[in-house]
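First up is the structure itself, then whatever we jot down about it.
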Amino acid sequence: MNTESSNEKSQGTSQIEALAAKRIRHTRVNEVMTELDTLIYPGSQDSILLVCGPSGAGKTTLARHMVDAAIRRAHGELEAKRGIIPAIYTEAPSSGENDFSWRLFYQRILAQLDDDADSPKLVYGIDPESGRMNRSRAINRGTTLAALRTAVERGLRARQVQFLVIDEAAHIIRQTHGRNRLEIQLDTLKSLANLCGTQMVLIGSYDLYNLVSLSGQLARRIHVVHFERYRQDRPEDAQAFARCVSGFEKTLPELWGGKLTRHTKALHENTLGCIGTLSGVLVRAARLASMTNAWTTASLQRAFLTRAQHNRILEEILDGEAGIGPNLMYSADEFQLAS
Ligand SMILES: Nc1ncnc2c1ncn2[C@@H]1O[C@H](COP(=O)(O)OP(=O)(O)OP(=O)(O)O)[C@@H](O)[C@H]1O
Ligand SMILES: [Mg+2]
């Protein structure tokens, strides 16, 4: 390969990397973040917040962004806030066992609580010298489930964790058999929230929504946030989706040559209005184009979700929306709310 073509190739690769790394702050993200920001505050009664939406909507990206933003904000504040971890992101483990593994779950949280070298001084369970969680007391002393749970409670309180994001929270449901057991699992989270003043933000697809109907006592404590796709039948959604396509086009103007936005309707149809899926399709299209050094409509078509993928995702979305849509909010006339 001569130097010129190898330079072109590495330039192409870095362009695709830039496209893959691009994060668009779109309408739905703003709506969901605003709702969560409003409901996450000390003393809130909403101990569990449920964020559900279709696969590829961008839920994980949003959750990570919220946690990073909370940490950045706290670190930008007073010196007194050193050692505080305002938010933690974790994934509900899928252990391969029949039962949900609280052990693994607690270990994951402890690993993060222990990660930050700065810490509030003179706090029980935190070594003032090293600024780290006191392993001998909090972690290594006992590995029973009860000891792990106690260490997590201590850590969450000591680090003043305001909210704990549990991504892929549907793993908790899938690995739990029987309604009663599931209620116990949720109660475990609720009591962790209440004891530590840490709100639990559960993220997942529509099957998470089933948690709401578990029990009256729990239902009262769960607030549901719907991270919806952009629907083609709503003009404001179609416009917001079009702005995202345009945002992606501006990231790599030379590659798309101003011809991407003319495919907005097809992209909306194929990706079902999910921005994560749109990003995946465009990155794939850019890679396919880089093989031939030319972007064509054909490379976009080849990058699209196949009919089978599209139909499967659509089925899940329609099922989920049918479950959540009419139940999420009352219309004003049902309660005879004054306008
Ligand atoms: N706002 C955004 N701007 C650009 N790219 C995004 C955005 N949100 C998500 N993506 C991209 O889409 C991919 C999928 O998004 P993400 O994993 O957040 O979706 P998800 O809703 O969590 O999906 P799943 O239900 O499968 O877990 C991410 O890897 C990311 O690269
Ligand atoms: Mg995800």
Side-chain angles (χ1 to χ4, degrees), residues 13-36 49-69 88-94 108 164-174 201-211 224-231 237 239-252 255-256 260-261 264 267-268 270-287 303-305 309-310 312-321 323-324:
T13 312
S14 69
Q15 283 185 338
I16 296 167
E17 280 166 5
L19 181 67
K22 170 86 178 167
R23 292 289 169 267
I24 293 184
R25 181 85 186 248
H26 54 94
T27 308
R28 203 65 86 228
V29 166
N30 286 338
E31 288 167 356
V32 174
M33 287 231 334
T34 306
E35 190 160 348
L36 289 174
L49 298 159
L50 216 69
V51 180
C52 38
S55 166
K59 303 179 296 295
T60 298
T61 305
L62 168 112
R64 285 188 175 279
H65 174 74
M66 274 196 66
V67 169
D68 289 348
I88 286 181
Y89 171 93
T90 186
E91 252 187 40
S94 173
R108 282 186 184 180
L164 169 65
V165 172
I166 307 172
D167 202 358
E168 302 293 352
H171 287 160
I172 303 178
I173 304 183
R174 290 193 202 119
V201 184
L202 272 54
I203 311 271
S205 46
Y206 286 114
D207 40 359
L208 249 196
Y209 186 64
N210 297 327
L211 291 182
V224 182
V225 181
H226 189 187
F227 193 142
E228 233 186 327
R229 66 180 165 135
Y230 290 111
R231 297 175 60 123
D237 276 18
Q239 280 163 16
F241 184 86
R243 283 196 293 276
C244 292
V245 176
S246 164
F248 281 115
E249 183 170 63
K250 282 186 195 129
T251 314
L252 281 189
L255 177 76
W256 310 114
L260 185 64
T261 43
T264 297
L267 283 165
H268 198 162
N270 184 255
T271 62
L272 298 145
C274 297
I275 298 309
T277 308
L278 172 68
S279 155
V281 165
L282 293 180
V283 170
R284 212 153 46 234
R287 292 193 78 89
F304 273 173
L305 294 182
Q309 289 171 315
H310 175 272
R312 181 75 201 102
I313 300 171
L314 179 61
E315 231 171 81
E316 275 178 22
I317 290 178
L318 294 179
D319 274 357
E321 286 177 348
I324 203 172

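Counting starts at 1 for both ligands and their atoms, following the listed order.
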*Can you tell if the side chain of Ile275 reaches within under 4.5 Å of the side chain of Phe241, non-hydrogen atoms only?*
yes
*How about atom 29 (O) of ligand 1: does it have a protein heavy atom within less than 4.0 Å?*
no
*Would you say Ile275 and ligand 1 have an N/O pair spaced under 3.5 Å apart?*
no
*Provide, to 0.1 Å, the distance between atom 26 (O) of ligand 1 and the closest protein heavy atom, together with that atom's residue and name.*
Ser55 OG, 3.3 Å
*asked:* Quick test: of every protein heavy atom, which one is nearest to atom 17 (O) of ligand 1, and how far off is it to 0.1 Å?
replied: Thr60 CB, 3.8 Å
_On a heavy-atom basis, I'd like to know which of Gly56, Ala21, Ser279, Cys244 is closest to atom 11 (C) of ligand 1._
Ser279
*For ligand 1, which atoms, with element, lie under 4.0 Å from some heavy atom of Lys22?*
3 (N), 4 (C), 5 (N)
_If I apply the N/O under 3.5 Å rule, does Leu62 come out as touching ligand 1?_
no
*Are side-chain heavy atoms of Val283 and Ile16 found at a separation under 4.5 Å?*
yes
_Return the closest protein heavy atom for atom 3 (N) of ligand 1 as residue, atom name and distance._
Ile24 N, 2.8 Å
_For ligand 1, which is the ligand I care about here, please tell me if Gly58 has any N or O atom under 3.5 Å from one of the ligand's N or O atoms._
yes
*Do Asp167 and Tyr89 pass the side chain to side chain donor-acceptor pair (under 3.5 Å) test, and can you show the C-alpha distance, the side-chain angles, and the key distance before you say yes or no?*
CA-CA 7 Å; Asp167 202 358; Tyr89 171 93; 2.6 Å; yes
_Polar proximity ligand 1 side, Val29 side, N/O cut 3.5 Å exclusive_ = no
*Who's the nearest protein heavy-atom neighbour of atom 15 (O) of ligand 1, and how far?*
Thr61 OG1, 3.7 Å
*Value rounded to 0.5 Å, distance of OG1 in Thr90 from CD1 in Ile203*: 12.0 Å
_Any donor-acceptor N/O pair, His310 side chain to Leu305 backbone, under 3.5 Å_ = no
*asked:* Main chain of Tyr230, side chain of His268: is a donor-acceptor contact present, judged purely on distance under 3.5 Å?
replied: yes
*Should Ala57 be listed as contacting ligand 1, given a heavy-atom distance under 4.0 Å as the test?*
yes
*Ligand-side contact atoms (ligand 1) for residue partner His26, heavy atom cut-off under 4.0 Å*: 1 (N)
*asked:* Tell me whether Arg28 is salt-bridged to Asp237, with the criterion being a basic N under 4.0 Å from an acidic carboxylate O.
replied: yes
_Nearest 0.5 angstrom please: Thr251 OG1 to Trp256 CH2, how far?_
9.5 Å
*Taking the side chain from Thr34 and the backbone from Asn30, do they hold a donor-acceptor pair closer than 3.5 Å?*
yes
*asked:* Would you say the Mg ion (ligand 2) has Thr60 as a near neighbour, meaning an N/O/S atom of that residue under 2.8 Å away?
replied: yes
_Residue, atom name and distance, where the atom is the protein heavy atom closest to atom 27 (O) of ligand 1_ = Glu168 OE2, 3.7 Å
*For atom 12 (O) of ligand 1, find the nearest protein heavy atom and state the residue, atom name and distance (0.1 Å precision).*
Gly276 CA, 3.0 Å
*asked:* Tell me whether Arg64 reaches ligand 1 (any heavy atom closer than 4.0 angstrom to a ligand atom).
replied: no
*Specify side chain, backbone, both or neither for Phe248, according to which of its non-hydrogen atoms lie closer than 4.0 Å to ligand 1.*
side chain
*What's the shortest heavy-atom distance between Leu19 and Ala286, and which atoms?*
CD2-CB, 3.9 Å
*Could you grab the distance from atom SG of Cys274 to atom CD1 of Ile317, nearest 0.5 Å is fine?*
4.5 Å
*More than 12 foreign heavy atoms under 6.0 Å from CZ of Arg287: is that the case here?*
no
*Determine, considering heavy atoms only, which of Lys59, Arg25, Glu316, Arg23 sits nearest to atom 31 (O) of ligand 1.*
Arg23
